[in-house]
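Numbers restart at 1 for each chain; the letters A, B, ... are given by sequence-line order, proteins then strands.
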Amino acid sequence: MGPDGAPGPSVPWQKVLWERQPFPDNYVDQRFLEELRRNEGIRQYRYWTVVKEAGFVGQQLSCVAIFISLWLYMEQGLLSPETLLWSSLVCALLGYGLYQSLSSQVESGCEPRTRLADLQSAAIFLSFTFGFSPVLKTLTESVSTDTVYAMSAIMLLAHLVSFPYTHPSPPGSLSLNAALFASVCLASRLPGALHTFAMLSCALMVFALWPCLLQRVRDIAPTHFTGVCLGVCVGGVGGLGLQSPGGAVLLALALGSVTLLCPLLLVRLQRHKDNIQGPWDEAEIHEDLDHGRGT
Amino acid sequence: MVLKIFFPQCCNRADSGLLVGRWISGHDSAVVLAVIHYPFIPGQVKQYIQQMQAQSGVELSVLGSWSLPKEGQEGMESFLRDLSTIFPQERWLQIKRQMGKTGFTCEILNRDQSGKAAQQDSIKKKKKVKIEEDYQHDDSDNKKQQEKKKEKIEEDDQHDDSDNKKKQEKKKEEEEGEEEEKVIFVHYEQRKVMLSQLHPIENGVPDPKTEPPSELRQVFQTVARSQPLFFLDRYDDGPLKSTHWQSEGREASIIMELLKQASVPLCLLISWLLSVWTWICNVRIFSLYPLRFLSSKLSTCVQLSYRTEHLRTLSSAKPATGHTEFMRKSNILVSFLIDVALGLLLISWLYRDDHIRMLANTLVPAADHVAKELEELLQWLMGAPAGLKMNRALDQVLGRFFLYHIHLWISYIHLMSPFIEGILWYGGLSACLGLTFALSLLSDMVALLTFHIYCFYVYGARLYCLKIYGLSSLWRLFRGKKWNVLRQRVDSCSYDLDQLFIGTLLFTILLFLLPTTALYYLVFTLLRLGVVLFQGILHLSVDFINSFPLFAMGLRICRSYRLGGISHFHIVHHTIFVQQMSFKVTLKQRRSSTISFCLQCIKLHREVNVL
Amino acid sequence: MGQRRRSAVKAPSSPSVSAAGEVARVPHKKHKICMVSDFFYPNMGGVESHIYQLSQCLIEKGHKVVIATHAYGRRKGVRYLTNGLKVYYLPLQVMYNQSTSTTVFHSLPLLRCVFVREGITVVHAHSSFSAMAHDALFHAKTMGLNTVFTDHSLFGFADVSSVLTNKLLTVSLCDTNHIVCVSYTSKENTVLRAALNPEIVSVIPNAVDPTDFTPDPSQRQDDTITIVVISRLVYRKGTDLLGGIIPELCLKHPDLHFLIGGEGPKRIVLEEVREKYQLHDRVRLLGALEHKDVRGVLVQGHIFLNTSLTEAFCMAIVEGASCGLQVVSTRVGGIPEVLPDDLITLCEPTVRSLCAGLETVIAKQRSGSVPSPASIHAKVRNLYTWRNVAERTEKVYDRVAGEEVLPLDRRLQRLRTHCGPVAGSIFALFAVMDFLFVLLLQWLVPDRFMDMAVDATGPQGLWRQEKSRKDSAIN
Amino acid sequence: MEDETYTDINGKAISLDCQSHSGLCREFTVSSAKVSIGKVMVYTCSVWLFAYAVFFFTQNTAVLSCAILITLVGMMFHIHFVKVDHESLLVIGSLGIQVSSSYASGRETTTFIEMSRIKDIVINEAIYMHQIIYYLCVLLKDPSEPNAVSSVVPLFQNSKPRLNCLVKVYKSCQEILSKC
């Protein structure tokens, strides 16, 4: 069926409502849908940049792997808590020094925390962990081992999912809490209170402090960043490999798919994108309109 | 408007005479109260009515004449008409009945003798303003709209036909049936209306600020308040003889009178005792804090004060004003009597072949048994109850704690075991004050005997509450949220590392300890619940006895009209007369709108509310 | 007993005569229309007033109009509005901001009852956000009625939710006879979303009642410049943009005042801005406004600002212009079509562009080179009138009434072919079930047991007769 | 007067009986269908058969007696509280309106509304279950504000007559009300 009434071709149809035009209401002009645009402002990814970005995910994954392998070592008594404590202490000091040096190079935004504050919070960590470790030790003994494993697995997964990969420097509370919860669960399975203490402090380092440092590295020295990521991944695979080769293979596969395969898919699928835009689209606000909310 | 004549049924067959009653202003309706028979001396009648008016406060007047000519007696039209000049009235009713005819004939003479004086039609033809519901403001009652619409549907037949003043009901009906009557006869049973406290006669005059009560209400008040009119009877010899409900037998009985007389000194005595008792209660010592707190908790004391209140209301010197007050008083009295009676029964059972000792001997072992059960329960909890994973350390701690309590408890019981019998014996005496006392005493005893359970419950609940509170706030921290007190909502907030760390640590600990405390809480709550249920049943029964409207029930069953609520009309044919003079013919007569009038009792719950 | 008398006075002489009079007066055919939408008075907004005004004008033209919506709180059952506009507030469960939840079937019995007892010929559903409207379209087709749908809103194609909603729209519009859009942009959008033949889509703009929005310069304070904003304070209306604009302009122009009417979740943004920059005396938040108060607020201002991020047809700017204000608005959706360029200043939806636009208008205002409010009102007053809308909608009804309703099998085919294999067959199944449900209902409550409703409006409308009788009485 | 046949909203036949005692006093009685013996039979039989089936498997005679009891009690309950035999509306000009509904067992519930409280009698529309029906109702007013509707008393609630019946009742009610 055609639009009823004969269109008066004398005057050109124009897309305005404020004047009655000699056309029926359901008249369809050839200019209909001329403002329709497809796929505008679509960005073409380059493979290696994407891979570089995905590196962070990979290293976080392998961080978890490292933590688990450490736990495995301790559970089988291959690793004594003292050594773990000392080594983690050394790592912490090194990391702290590196952190300070990096921050001293670039003076970012708000004033840096004083050494005193850092010392204070470190003291709090250690004291609390030490104080609570006997309690934590007895905490889950009546709970069956499978339950504990399941819980910690879920929590670690939650940690990986909810980890803020873009700005990890203040660690996202949910992800950090999940990781800590998991580590408490695991640590309470260890033979002694000291083990628990060591495990927890190690967890603190791996999950809380390390991402901050890595963020700094990514900001300051992107070239080193990829190297660090690679190193962590290799370390994770290796560490797990000594314990359980199967796990190591799985981890390697996972890392490969995350860092290499997914970016490939992303870049490939990009060209099949078909996105319709037009004047009807809801305009999005680009400026940062945060008027210091919650001040 | 229509003239309504409320006519007492008992006067249906009274001899001819004068109608004494009242014109109800505003509604133009007349209430006939009594018939004063011939012969009378008008002066006396007037004087009599004057004094009645003075006594009852109802503006009585002579409404008109009533004629029921005996056989052979010829109608006395002219005479009746003349009477209207003797008793000057705005309007003068002439109601007459032929023997054997079932209808009434009513003539209305206005002051000016013109029988056709038109009932000035008081109906103004108002223009109907259409209420326009607008979009903005709320058009809540669309019934208006509906109504308008419907009125479109109905065709216009609202013409007023010529107001005819005189109305011979039956004859007119037979001749021109379609013509509408202007007089409605409402027969009412004077006795029932008289005795029904249908309408609180707000002591004497209705206060002016409320709008005048509705028509029926006024009628009822008139009848109820013109009691003195009914003392003069047809049978006693006096200058005047009248007919009204009392000519069908008196309602009041001698015993009631005697009781009324006797109750006065009794009330005085009770009130004196009460004053003494209240004086005792108000001694300083009792108003000290712990005592007052205790008395507010002990249900015996509560019951005591309750009863005192009752007795005070009962023994108040002034008579009950209004229906509800009267009902309340009588209900209290009846329930009190019943209560005492039951209490005496209980006593007679207790002190026969000493049931008390048996009770006492069963009581202590029972307490022991309960304690043992509890111990076993705790042992069970300290193991792995129902295969639940509990934290062993905490479990042990809690278990020991509660076990120690039970130990204390048992020793306490054994300490007081020798005195229990005595306690029971004296407690039993309290039943003579009424069953309710015994019951409340029992509930108090139960409360004391299960004090340990109460303690357990409190500890468990407190622990659990703390734990839940902590967990909820820590869970918020876990998700990186916090409760904003000012805005009363959950905001997102960035915590420091150490806060997060410690929070998570505590969260984990609490979470793993939760099942243990939850279990303890659950178990002891259930125990507590059992006790509370038992006490609740006791209190329920006490309250039932205290406030069950027995009197109202009784009235509802035997004298339902005394609680008259909504009046109930129903059309009757004149079968009354038919039965009496066995006229077969009249059965086939058309029914006229004579309405006999009796009362229907109201729902029971109204009485319950009253109490 | 007053009204008894009145009834006696107003009882109709004889309906047949007056009905004949009706027929004589309005020659061509009358429809019995049922407007269905979740959004109606007491809820307030563009859709609501559109439905109300349109129905009023159609009633004037002698059609019979009833409205079906869901119950609002205690407002259940049948109500009457002005001129006997009958509204059914059906007790359906409200799910999410005033839109009912839809399990395609549960609304059928009541809607069927309405359609049957009112003898509806055309079902007109409004607003694609209203689940009830979609249900009504579906059931009306099952009961063999012709349907019209008016789309008041725009939709993107970007995210998942819009993909789903567009699919649903496709299904529910696939056998709707005619669709009405309020602007050409909205038409394009709807045609794309529902994959429609553009020729069954008419463009009929909204309207405002020019008599409600007359200028009144005396209300303005001439020593200051007041910018009026009237909109719900939600994201779609660009409240965040407003929050960005206010401080910039207020810092530049000390004599600038903001008058903001409306309520919503984003109000907190404005309040925070006000607190942060100490603008309590210059930024007034009036909160929710009654429709009748809007004019009183508008006339106090010099400039009307609209910061919407998406609009199908912005009534607010027309109202503002009709009150003689300088209109500044974002260039989104159908807004460019609404007002001629000499009446409106269009900007990009960014704080910077809006500020620039406002700056120019303020400058013009200061220099006094703006046309007088009266002249602006004179230009605007005849652009959009409800009468015009009603005429054009009437055309749509006339056209639709002629069309034949697809029988079940063809309908199923159409669904299958039009909405893709999956959704198509699912909804074909729904259609069959709906059909069976209707049969069941017809067996349970046959049509002959339903009392036909007494018309308040329409050809034999009693109210109309009453009115005409009144007039005759007056003359 | 009862020439035309009326049905209720479910299409069951009901009968309307208008007695005009006089110009000022009319009584409308809407009486719905009696309890059909057949239906009672069916219900009873079904219950008893079920009971017998249960009895057959669990040799427990208590089932049977209980079934009999249930049917009896159910019947009593039904005719005493549920089944309304007829509802009547008595309009007495200038005195009031009396609404009474009598159950199959003869139980009768009555309410009397004085003329001073009656604002009007109207026919109204309402949503009832999954239908929209007309019903007759009395509008009450407070004596304090005479032209506001304080509450509404629906009439003929149990036997819901259809519009034609309601209109008939409505008209003659209005006749009476208009006279005073």
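At a 4.5 Å heavy-atom cutoff, the contact between D:Ile9 and chain C is made by backbone atoms alone. With a 4.5 Å cut-off on non-hydrogen atoms, C:Leu108 does not touch chain D at all. In this structure, the portion of D:Asn10 lying under 4.5 Å from any heavy atom of chain C is its backbone and not its side chain. Contact annotation for C:Arg112: neither backbone nor side-chain heavy atoms come within less than 4.5 Å of a heavy atom of chain D.
With respect to C:Glu118 and C:Lys32, no salt bridge is recorded, no charged nitrogen being found less than 4.0 Å from a carboxylate O.
Ring geometry, C:His31 versus C:His63: the interplanar angle falls under 30°, so the pair is classed parallel (tilted spans 30 to 60°).
Residue D:Gln131 comes nearest to C:Val445 through the heavy atom pair OE1-CG1, 3.8 Å, listed as atom of the first residue, atom of the second, then distance. In this structure, C:His70 and C:Tyr89 approach most closely via the heavy-atom pair O-CD2, 3.4 Å.
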